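I have placed the structure first, in the form of structure tokens, so that the comments after it can refer back to it.
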Amino acid sequence: MFNMLCMDLRRLFRSRSFYIILGVTAALILLVVLLTSVVSDPETLDDMRASGAEIEEIDRRISEEIRSMTQLDLTHETLGSGFLLVMIGIGMTLFVNSDFSSGFVKNICYAQPRRTGYVLSKTLTAGVYSGVITTLGTVLVLLSPYLYGMHPLPTPVPDILQYMFWMWLPHWAFAMMALALVLLVRNATASIILSLVAGGGLTAVVLGTLGNLMHWPPVERYLLASVVKGLYVPKSGIEQAGVILVCTVAWIAVYGIGGLLSIEKRDI
């Protein structure tokens, strides 16, 4: 399994799709922060009003709230929408799907036909993948505001590191979902669409609506998109941390077992 993991990591850091995902992630984050800086600038609102645009009191209130944000507030507002979930889902889909399109499974895994080793290797690779994306996203949101003249209130470094750690866990679980989907459907397009739907929170919204109609318990709060949206451990405390940890472990186990069952003997 260790040799397979080394091969996976080597292929990951040499793959073009990995760096494309990193580039797209960075570009979109920079764009979002730029738009945020424009909205938060009172001079911009005054110029828009002078040019005839209708500026209401709520617009000025939102601008003021943005200017009073801490670094951690701004980071969560930018990343808590599930944006990184979508990027990680697409990236893992492309990476794992290449195992079948390139013949990697047949050519490499034939020497050691162990499905468990294959899934464990992909599980750890998913952790590395999600860790790189999460770190990149957090660092960019922390540094890029200064490029646009924004100065969010400083947040203690331990709080930022704590936030990154708890953000990384559900994203790792989501990367495992992408792995399981590819192994199940064997189609990159279908897997990417499902990752977009789940990462964007549509699955949680639909399940929550049905739950309200059917008077079910609020199970949608345990979906990964909902976990990420509510992830604010430095302020939410140990209870939220427990929810994140339990959901991460549970979903990794579910998707890991699902991926293991989806691999047939003929695959390796």
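Computed over heavy atoms, backbone and side chain alike; hydrogens, waters and symmetry mates excluded. In this chain, numbering begins with 1 at the start of the sequence shown. Bear in mind the structure is a predicted one, so any value in this text is a computation, not a measurement.
Here the options are L183, T116, L120, the test is side-chain contact (heavy atoms from CB on, under 4.5 Å), and the partner is L260; only T116 passes. Considering D159, T155, L161 as possible partners of V157, the one that fulfils the side-chain contact (heavy atoms from CB on, under 4.5 Å) test is L161.
Not one N or O on the side chain of S121 forms a donor-acceptor pair closer than 3.5 Å with the backbone of Y118. Looking at S226, its side chain never comes within 3.5 Å of a backbone N or O of Y222 through a donor-acceptor pair. Judged by distance alone, the side chain of T138 and the main-chain N or O of T135 form no donor-acceptor pair under 3.5 Å. Side chain of H76 to main chain of L74: no donor-acceptor pair is present (N/O by atom type, distance under 3.5 Å, no hydrogens or angles). In terms of modelled atom types and a separation under 3.5 Å, the side chain of T134 and the main chain of G131 share no donor-acceptor contact. For W168 (side chain) and V132 (main-chain N/O), no donor-acceptor pair under 3.5 Å exists by modelled atom type.
Two different hydrophobic clusters hold I263 and I257 under the rule that ILVMFWY side chains link at heavy-atom gaps under 4.5 Å. There is a path of hydrophobic side-chain contacts, each under 4.5 Å, that joins M92 to L22. V205 and W216 end up in different hydrophobic clusters when Ile, Leu, Val, Met, Phe, Trp and Tyr side chains are linked at under 4.5 Å.
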For side-chain contact (heavy atoms from CB on, under 4.5 Å), just list the numbers for L184 and L261, CA-CA rounded to whole Å, side-chain angles, deciding distance to a tenth of an Å, and then say yes or no. CA-CA 9 Å; L184 179 64; L261 295 176; over 6 Å; no

For I90 and I21, run side-chain contact (heavy atoms from CB on, under 4.5 Å): C-alpha distance rounded to whole Å, both residues' side-chain angles, the deciding distance at 0.1 Å, then the answer. CA-CA 8 Å; I90 294 175; I21 291 294; 4.0 Å; yes

Starting from the C-alpha separation in whole Å, work towards a yes-or-no answer on side-chain contact (heavy atoms from CB on, under 4.5 Å) for W166 and L169. CA-CA 5 Å; W166 292 108; L169 291 180; 3.7 Å; yes

Under the side-chain contact (heavy atoms from CB on, under 4.5 Å) criterion, do F95 and D8 qualify, and how do the steps go? CA-CA 9 Å; F95 177 69; D8 275 335; 4.2 Å; yes

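V86 and G200 make their closest contact through CG2-N, 4.0 Å (heavy atoms, listed as atom of the first residue, atom of the second, distance). Across P152 and Y146, no two heavy atoms sit closer than the pair O-OH, 4.1 Å. Of all non-hydrogen atoms in M176 and A126, the two that sit nearest each other are SD-CB, 4.2 Å. Scanning both residues, L153 and S68, for their nearest heavy atoms gives CD1-O, 3.6 Å. In terms of heavy-atom proximity, F18 sits nearest to F13 at CE2-CD2, 3.7 Å. In plain terms, the two heavy atoms of T248 and A173 that are nearest each other are O-CB, 4.0 Å.
L30 has its side chain within reach of Y148: a pair of non-hydrogen atoms, C-beta onward, lies under 4.5 Å apart.
Aromatic ring orientation, W251 versus Y255: parallel (interplanar angle below 30°, classes split at 30° and 60°).
A side-chain N or O of R11 and one of S98 form a donor-acceptor pair less than 3.5 Å apart.
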